[in-house]
Each structure stands twice: as C-alpha cells, then as structure tokens.
Number of protein chains: 2
Amino acid sequence: MPGTRLPARRTRTRGAGRPSGDEGDLRARLLDVAAARFSRTGIEATSLRAIADEAQVTPAMLHYYFGDKARFTEALIEERLLPALAPLREHLAAAGDEPRALMEAFARAVAEIVRRNPWLPPLWVREVLCEGGTLRELMFSRIVPSLPQLLAQRFAAAQARGRLNPRLDPRLLVVSLVGLTLFPAAGAPIWRRAFGAEELGPDVLLNHTLALLDHGVGAG
Amino acid sequence: MPGTRLPARRTRTRGAGRPSGDEGDLRARLLDVAAARFSRTGIEATSLRAIADEAQVTPAMLHYYFGDKARFTEALIEERLLPALAPLREHLAAAGDEPRALMEAFARAVAEIVRRNPWLPPLWVREVLCEGGTLRELMFSRIVPSLPQLLAQRFAAAQARGRLNPRLDPRLLVVSLVGLTLFPAAGAPIWRRAFGAEELGPDVLLNHTLALLDHGVGAG
DNA sequence: TGCGCCAAATTAATGGATGAATTAATTTAC
DNA sequence: GTAAATTAATTCATCCATTAATTTGGCGCA
C-alpha cells in the first residue's frame, strides 16, 4: 500500500549490512538515547530493550557496541556525563577570587550545562546524589575528589580575607550552591506544573539565584 | 544443634498461624522496611522480594496485605509519606507573615521531618522531583496543589508590603527554599564523604541556610 | 569496468535469570 | 474447630546476554 507512512527504518526482514550512514554513528545515537531515557526513568529501571526500541534497533546492538549494561553506563559517563560537566571546571578556573565572581561563574556554568544537556540534572540527582545510585561510585572517583574541595577552599580563603559572610561555612556554601542551581533544574517540570508558569526559564532562575546570594531575602 | 544462632524468625518449615505479635504489626513493618529500601534503591529498581527478605517474610505477604506493587506504594504514600510531611503545613500555618519567619518555619519543619524520617529526602528527590518518578502523579494530587502556591502567595503579599527583596520572584523563592533544605539532606552521604566532615549535621545546616537567606554571601 | 569475496553491521531467535502475582497447603491463636 | 496468617510452589512475563544467520558496502583483481 504505497503512500502509507512506514517507520523510518526497519524495512529489511533479516540482517542489515554496513553502516547505513543515514543518521550518523549508531553508537553515538545509542548513548544519546540512553542519556535521555536514563534521565527520565532511572538507570536500573530502564531496560536495554526500551533504549534499543527508541533508537529503532535491536537490543543486540547494545551488546555489539558496548558489551553489557555495566560497560554501557561506563561509556555513558566517560563520553557524555564527564564531557558535559567540563565547562564547570573551565568557568571556575577563569573566575577570580571574589566569592561573588566564583558563585556567578558556578551558576552560569550550570545554566549553560543544563541548556546544552537537559537530561543531566535528573540523571545527576537520581544516580549520583541519591544513595545507591548507579553512577555514584564512578562519579566519586572522577569528579568529587577535586571540584567541591577546591571550591570550598577558595571560599575559605575569601572568608579569611573578610570577603565572605563569616556566619557561612565554605563547605556548606558549596552544597547550597549546588542545591540552588541543580535542584530547580532537575525539578523544572514539577515547578512549571505547580505554578503553571512557563516564564521561569533558566535565565530568570540564574538572576534570581544571584539576587538571593547577593543580599538575601531582606528588602534592603 | 542447640546453641547455634538462628535467624530471629523463620524456624517453621511451612505455614505460620495467627499474628506472632513478637514485633508488632507486620503490615506496619513492611511499610517501614519499604520506605527505607525504596529510599536507597528506588521504587522501580527494588524488588518486592528484597523488601520481603529484609522483613524476613515471604513475598506473598506483600500480596496478602497490599495486593500488588502499585497499591503497596499507594499505601506507602498514604500512611508514611503524607503523615511525615504534615509538620510542614502546621509550622507554616503557625508562622506569621514576615518572610523571615516563614522561611525559618519552613526550614525548621524540614529539619524536623528529616530527623524523624531519614528515608524521606532521597525518596522525595528520586520519585517525586525527577520526571518519571513513581510517586509523582500521586503526590501531585495530594501535596502540590496547595502548599507551594500558598507559600508563594504569602511571599508575594510580603513583597507587596515592601518586606521582601523586590528582585526575587516569590515562586522561585519557594523553589530555592526547597533546594536549600531538601537537597542537602538527600545528598548528605555524598557531602560527608566529599568533605570528610561529620559535623555538618542538620542543626549546622539549618543555621547556615538561615544565615544565607538573611544577608546573602556578602561580608556585611 | 565489472565480478566476486570479505568483513562489518545488523537482525532474529534463544537461554537463563529474575520478578510479580497467584494459589494451595499448612500452622496456630482463639 | 475455625478462620486468620503465613509459607512453599507455580505461572507468566520481562529482561539481560549471547549466538547464529543474514545483509550489504567496499575492495582486490581481472
């Protein structure tokens, strides 16, 4: 019946052949699909089947390219999660020593990361932040050992110079900073729905966060 | 072989009998075990088997008391999650109209909730905040419709009276407040490990959050 | 230029493990 | 003796992993 709309691929009955090249590397596509899917459903609760279906291939392709699920998630970390987080280090390295500049660099970096990788916040929150998360141990050995401490140390130095509210703990300030940036991003759908507001986009959030950090809630 | 240490229960070979009464209601125990377990592993990724094992009973007991997994999680919401969140409404109702008092009431309520229900923050973050979370829709119909808007409205009223930093958005302030309280609690293990600090308990966090909200980060 | 082969890519089919849900049997308190 | 509570066992579905089969693009070679 010509003219009926068939699913884009999947016309051959058996076997396939060399790279079809019709939409680039399948390996990369699988990683992209997995990032989005894992973000929505969680890693353990997501079947490879679901990923394969969404990528319009057979589950066997995941085995072909990655081996098993563990190595698949490892590849996801190495080739998607860690690169996505790279801007954070860069922005922080470029920022000066003033707490305000540091925080703004952090918030802007997170905003940029979220804009480019919408799947990241929920995945991070679910799999790294929460105990028992699949990515937790792997992330510990790659991110955590350096970034938070470094940032806390810079805050502490600024505090020693009298440039930071002495009632604050530099380490908790880092935690608060993450909470003020990643948390709203991870839960964006719920806030939008709760408040029925679409205008609360990343830019508004960024300005709001900076305003809060600048002067607190007082009417100054 | 007398003297060998056997697992507390599980000595009969088949069948059991009336309520053993040795440690209270099994139904309640199952809910408690599930709250802790779901919090660690996530709802979809946790098998009923694991819960039954931890409660030292057969998986069939879950069917006996609750029917299926869906109704089991429903019961968990009704009998554990919602009651645990009750102090929030009470604290907020008792607080006055000043933003500072509202925020302090919120932060104190969350601290109390977390202290009494350590399993709550990760469960909330994973299953409610994240898209695709199992508890999401159920929570929407019970919590969200009222609490966030009400709080935001009170902040807006205070802002109209000039008692709130005009650069802030009342709704985003609610989001920030949740991020500053629940997020650090949900990720406590990771922060402890990242900073090697055990002294960053709930009280310290509470004071820190209030200090941050009061004056921002400036050295004022 | 054309022909056949080879290897990469992909699929269908299968095996083994695990989980949810249910049922029949059994124990024990009252 | 009876009914509630609990267990063992079973059924059906799903998932991860693997393998054998199959297609097809490209390359050497004439």
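Only this structure's heavy atoms are used, side chains among them; waters, hydrogens and symmetry mates stay out. This one's a predicted model, so the numbers in the text were calculated from it and none came from an experiment. Just so it is clear: chains get the letters A, B, ... in the order the sequence lines come, proteins before strands, and each one is counted from 1.
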Check: Can you check salt bridge (charged side-chain N to carboxylate O under 4.0 Å, His left out) on Glu54(A) and Arg40(A), steps first, answer last?
Finding: CA-CA 13 Å; Glu54(A) 197 168 323; Arg40(A) 286 201 305 270; 3.4 Å; yes
Gap between atoms [atom1] and [atom2], on [X] and [N] respectively (whole Å):
| X | N | atom1 | atom2 | result |
| --- | --- | --- | --- | --- |
| Leu26(A) | dA8(C) | CG | P | 16 Å |
| Met61(A) | dC16(D) | CE | P | 17 Å |
| Phe72(B) | dG19(C) | CZ | C1' | 15 Å |
| Arg49(B) | dT22(C) | CZ | C1' | 14 Å |
| Arg29(B) | dA5(D) | CZ | P | 14 Å |
| Asp53(B) | dT18(C) | CG | C1' | 13 Å |

Note to self: So if I take every side-chain heavy atom of Ser47(A) and compare against dG19(C), dC15(D), dT7(D), which nucleotide ends up nearest?
What the structure shows: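 The answer is dC15(D).
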Note to self: By nearest atom, which of the nucleotides dC15(D), dT11(C), dT6(D) is closest to the Tyr65(B) side chain?
What the structure shows: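 Looking only at side-chain atoms, Tyr65(B) lies closest to dT6(D).
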Item checked: Test side-chain contact (heavy atoms from CB on, under 4.5 Å) applied to Met103(A) and Thr181(A), Thr209(A), Leu213(A), Val174(A), the passing residue ->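 By the side-chain contact (heavy atoms from CB on, under 4.5 Å) criterion, Met103(A) pairs with just one of Thr181(A), Thr209(A), Leu213(A), Val174(A): Leu213(A).
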Check: So, are Asp68(A) and Arg71(A) salt-bridged, with charged N and O less than 4.0 Å apart?
Finding: yes
Next item on the list: Before accepting this row, confirm whether a basic side-chain N of the pair Arg27(A)/Asp25(A) lies closer than 4.0 Å to the acidic partner's carboxylate O.
Entry: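 No, Arg27(A) and Asp25(A) are not salt-bridged.
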Note to self: If I take atom CG from residue Leu81(A) and atom CG from residue Leu31(A), how far apart are they, to the nearest 0.5 angstrom?
What the structure shows: 11.5 Å
Notebook entry, point to check: Could you give the distance from CZ (Phe38(A)) to CD (Glu127(A)), rounded to the nearest 0.5 Å?
Noted result: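 The distance works out to 8.5 Å.
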Item checked: Residues in salt bridge (charged side-chain N to carboxylate O under 4.0 Å, His left out) contact with Arg108(A), at least two apart in sequence or another chain -> Glu104(A)
Next item on the list: May I ask you to decide if the ring planes of Phe183(A) and Trp191(A) are parallel, tilted or perpendicular, using 30° and 60° as cut-offs?
Entry: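 It falls in the tilted class, 30° to 60°.
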Checklist line | Global bending angle along the helix from dT1(C)-dA30(D) to dC30(C)-dG1(D), which compares the axes of five pairs at either end, to 10 degrees | finding: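 It works out to 10° between the end axes.
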With 3.5 Å as the limit, what N/O pairs link the protein to nucleotides 17-19 of chain D?
unit_1: dA17(D); atom_1: OP2; unit_2: Lys69(A); atom_2: N; d: 3.0
unit_1: dT18(D); atom_1: OP2; unit_2: His63(A); atom_2: NE2; d: 3.0

Item checked: Evaluation steps, salt bridge (charged side-chain N to carboxylate O under 4.0 Å, His left out), between Lys69(B) and Glu44(B) -> CA-CA 10 Å; Lys69(B) 193 170 183 176; Glu44(B) 282 211 58; over 6 Å; no
